[in-house]
Amino acid sequence: MRWLIAAVVLVAVLAGLLRWRRPAWYWLSFGVTFATCRILGRYRAVMDACGLTVPPPRWRLAIARMANRPVPEPRAPRILRLRPTRTGLVLRLGLRPGQDAFDVAASCDRLRHSFGMFGVTSREIRSGVVELRMTGYDVLRRVQMPARAERSTMRVPVALREDGDVHYRDYRTTPHALTIGATKSGKSVYQRSLVAELAAQEVALVGIDCKQGVELFPLARRFSALADNPDTAADLLDALISHMEDVYQLIRAEQRITADTPDADIAADIWDLPDHLRPVPIVLLVDEVAELALFATKDEEKRRDRIITALARLAQLGRAAGIYLEICGQRFGSELGKGITMLRAQLSVRTAHRVNDETSANMAFGDIAPDAVLATVQIPVSAPGLAITGDASGGWSRIRTPHTSLRAAVDACNKHTHLTPDLPALNAFRPVLASPAVPVAIPAPTAPATP
């Protein structure tokens, strides 16, 4: 009997230690079983308490009355499937007649408390079927990306969502994106992770980094063009527009719109072209867009209008030519001048890290997902990399990027240097890969002379 007590105590201590230090291991070893039993045992009572049941149909009431039997209980949604995952459980429910998916979504917080889970989110699979994704622990506290995340052309994993699923950046579905965040909020780490993933794809990377290139120039071996000041950026954007026009001429030449041409063979963008004719897609990364929009003199104002106009044209017309925008900044509001709101309207994907005021959050989500504004301003300082992401559909979720050091991003870019395409229109802006320069000595400040 003593050995049995000792074994139970040892298992309890091990479970507590795993839950404290390794929550993912605890979930896979103990948590799945406990949570499954808890959900199945409490299911009917919880659904009734949350108002997710419907009265029995009249024919059942009539049969019970004729047979002198007790009145049937209200019916809860049917459990179609209960599937464990590495971070939680997936519960698929079949709704009863008269129930709505919105009712389930509104009860997610109560379901989280009742089932003892860390988080519960819902989404409608199809008419009458709702899926609840439950997480057993805080998956965003220590981000661990799956070992085998799905990757495809222009679709790369960049972060982990609060429901334990992987957040992908899919350029062919949502071509242009805006990323905002205050200093030290994780915006640069998000950008590094994106570049490290894109480096392994057959894509041309073009960067504009007006902080003298400190963010993007270490990754220069994988970039086809880079600009480190507004003057060079203006010329680079003009070259991109010229390249875009050339691509459109190629698409026009290959459309072959005749009566006997199948609809599937008519080209409308670069992805409809044959492989041997398809131009390489381009991802333009702009770091700190405010530096391109600010001006102090008349000449700088003309340059600023030229840059913003070029960015707006690329956002409106570049998708079919395979040009995609990733614009980053601390703020992106109308105070940056004319044309900014028109440009922002073309950026479908919005990702907001920690911001310093509610106005900045409204700039990102006020026009597409007002509910996400409150979640954005609640991001704590102690969680760099935590962000709210949404798109024009109005849906949003919390994500967190795994920490990617600059060294890791540089190694990824150097490993895939051979994939860097040569674009004749951008050769003038290709970064020069020189040998390491001699460190520049910064003179020390001199003490003021004593009188």
Side-chain angles (χ1 to χ4, degrees), residues 171 175-179 188 191-192 194-195 198-199 201-250 270 279-295 299-329 332 336-337 339-340 342-344 346-347 413 417 419-434:
Y171 288 93
H176 310 307
L178 169 65
T179 303
S188 297
Q191 190 178 59
R192 285 179 209 155
L194 186 61
V195 172
L198 287 173
Q201 300 236 352
E202 294 185 0
V203 58
L205 299 178
V206 177
I208 297 177
D209 182 5
C210 290
K211 292 190 295 188
Q212 298 299 313
V214 296
E215 293 287 348
L216 296 181
F217 268 75
L219 316 173
R221 291 185 178 274
R222 186 56 183 86
F223 275 74
S224 299
L226 277 171
D228 62 354
N229 60 78
D231 291 324
T232 308
D235 297 334
L236 174 58
L237 291 173
D238 289 341
L240 278 175
I241 291 177
S242 177
H243 171 78
M244 178 182 69
E245 294 172 348
D246 293 341
V247 172
Y248 277 131
Q249 291 299 323
L250 174 63
I270 64 168
V280 63
I282 298 174
V283 176
L284 171 62
L285 297 107
V286 180
D287 186 80
E288 201 51 66
V289 67
E291 289 299 315
L292 300 176
L294 298 176
F295 62 91
D299 292 338
E300 291 180 355
E301 183 180 7
K302 294 179 181 178
R303 181 195 64 199
R304 179 255 176 219
D305 293 342
R306 175 183 165 199
I307 290 174
I308 299 302
T309 301
L311 284 174
R313 291 186 64 190
L314 289 173
Q316 291 177 351
L317 307 174
R319 194 272 314 165
I323 299 177
Y324 308 103
L325 303 186
E326 283 285 343
I327 296 181
C328 300
F332 199 72
L336 295 180
I340 287 295
M342 178 178 64
L343 173 60
R344 185 178 63 193
Q346 304 298 324
L347 308 177
C413 290
T417 304
L419 295 177
T420 306
D422 183 19
L423 301 178
L426 305 180
N427 280 342
F429 308 95
R430 186 143 191 170
V432 179
L433 304 176

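When atom types are taken as modelled, the side chain of Arg344 and the backbone of Phe332 share a donor-acceptor pair closer than 3.5 angstrom. A distance-only check finds no donor-acceptor pair linking the side chain of Arg222 to the backbone of Val195 [under 3.5 Å]. Within the 3.5 Å criterion, the main-chain N or O of Cys328 finds no donor-acceptor partner in the side chain of Thr179. Side-chain atoms of Asn427 never come within 3.5 Å of backbone atoms of Asp422 as a donor-acceptor pair (strictly under, hydrogens ignored). Judged by distance alone, with hydrogens and angles left aside, the side-chain atoms of Arg304 form no donor-acceptor pair with the main-chain N or O of Leu294 at under 3.5 Å. Proximity of a side-chain donor or acceptor of Thr420 to a complementary backbone N or O of Arg221 within less than 3.5 Å is detected.
Considering all non-hydrogen atoms of both residues, Gly213 and Pro218 come closest at O-CD, 3.6 Å. When every heavy atom of Leu237 is checked against every heavy atom of Ala310, the shortest pair comes out as CB-CB, 3.8 Å. Residues Val203 and Pro421 come closest through the heavy atom pair O-CD, 3.8 Å. Between Ala293 and Ile340 the shortest heavy-atom distance is CB-CD1, 4.4 Å. What you find for Leu236 and Gly207 is that their closest heavy atoms are CD2-O, 3.9 Å. Between Ile323 and Met244, the shortest heavy-atom contact is CD1-CB, 3.8 Å.
Side-chain contact between Val286 and Leu325 is absent, with no heavy atoms from C-beta onward closer than 4.5 Å. Counting heavy atoms from C-beta on, the side chains of Leu205 and Val283 come closer than 4.5 Å. No side-chain heavy atom of Asp235 sits under 4.5 Å from any side-chain heavy atom of Asp231. A heavy-atom distance below 4.5 Å is found between the side chains of Gln191 and Leu216. With contacts defined as side-chain heavy-atom distances shorter than 4.5 Å, the pair Cys210/Glu288 does not qualify.
Summarising the geometry, atom CG belonging to Asp287 is positioned 11.5 Å from atom CD belonging to Glu326; distances are rounded to the nearest 0.5 Å. The distance from the CZ atom of Arg319 to the NE2 atom of His176 is 8.5 Å, given to the nearest 0.5 Å. Separating the CG atom in Leu219 from the CG atom in Leu285 is a distance of 9.5 Å, to the nearest 0.5 Å. With rounding to the nearest 0.5 angstrom, the CG atom of Asn229 is 7.0 Å from the CD atom of Gln212. Distance check, rounded to the nearest 0.5 Å: OG of Ser224 to CG of Leu426 gives 7.0 Å.
Counting only residues at least two apart or in different chains, side-chain hydrogen bond (donor to acceptor under 3.5 Å, both in side chains) contacts with residues 238-250 comprise Asp238-Arg306. Evaluation of the ring-ring contact (aromatic ring centres under 6.0 Å, His included) test over residues 304-326, restricted to residues two or more places apart or in two chains, returns Tyr171-Tyr324.
Tested against Phe429 for a side chain to side chain contact (heavy atoms under 4.5 Å, CB included), the candidates Leu226, Thr232, Leu240 yield a single pass: Thr232.
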Step-by-step side chain to side chain contact (heavy atoms under 4.5 Å, CB included) determination, Leu178 to Leu343: CA-CA 10 Å; Leu178 169 65; Leu343 173 60; over 6 Å; no
Steps toward side chain to side chain contact (heavy atoms under 4.5 Å, CB included) verdict (Ile308, Leu336): CA-CA 10 Å; Ile308 299 302; Leu336 295 180; over 6 Å; no
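The 12-atom threshold is exceeded at CD of Glu301, counting heavy atoms of other residues, nucleotides or ligands nearer than 6.0 Å.
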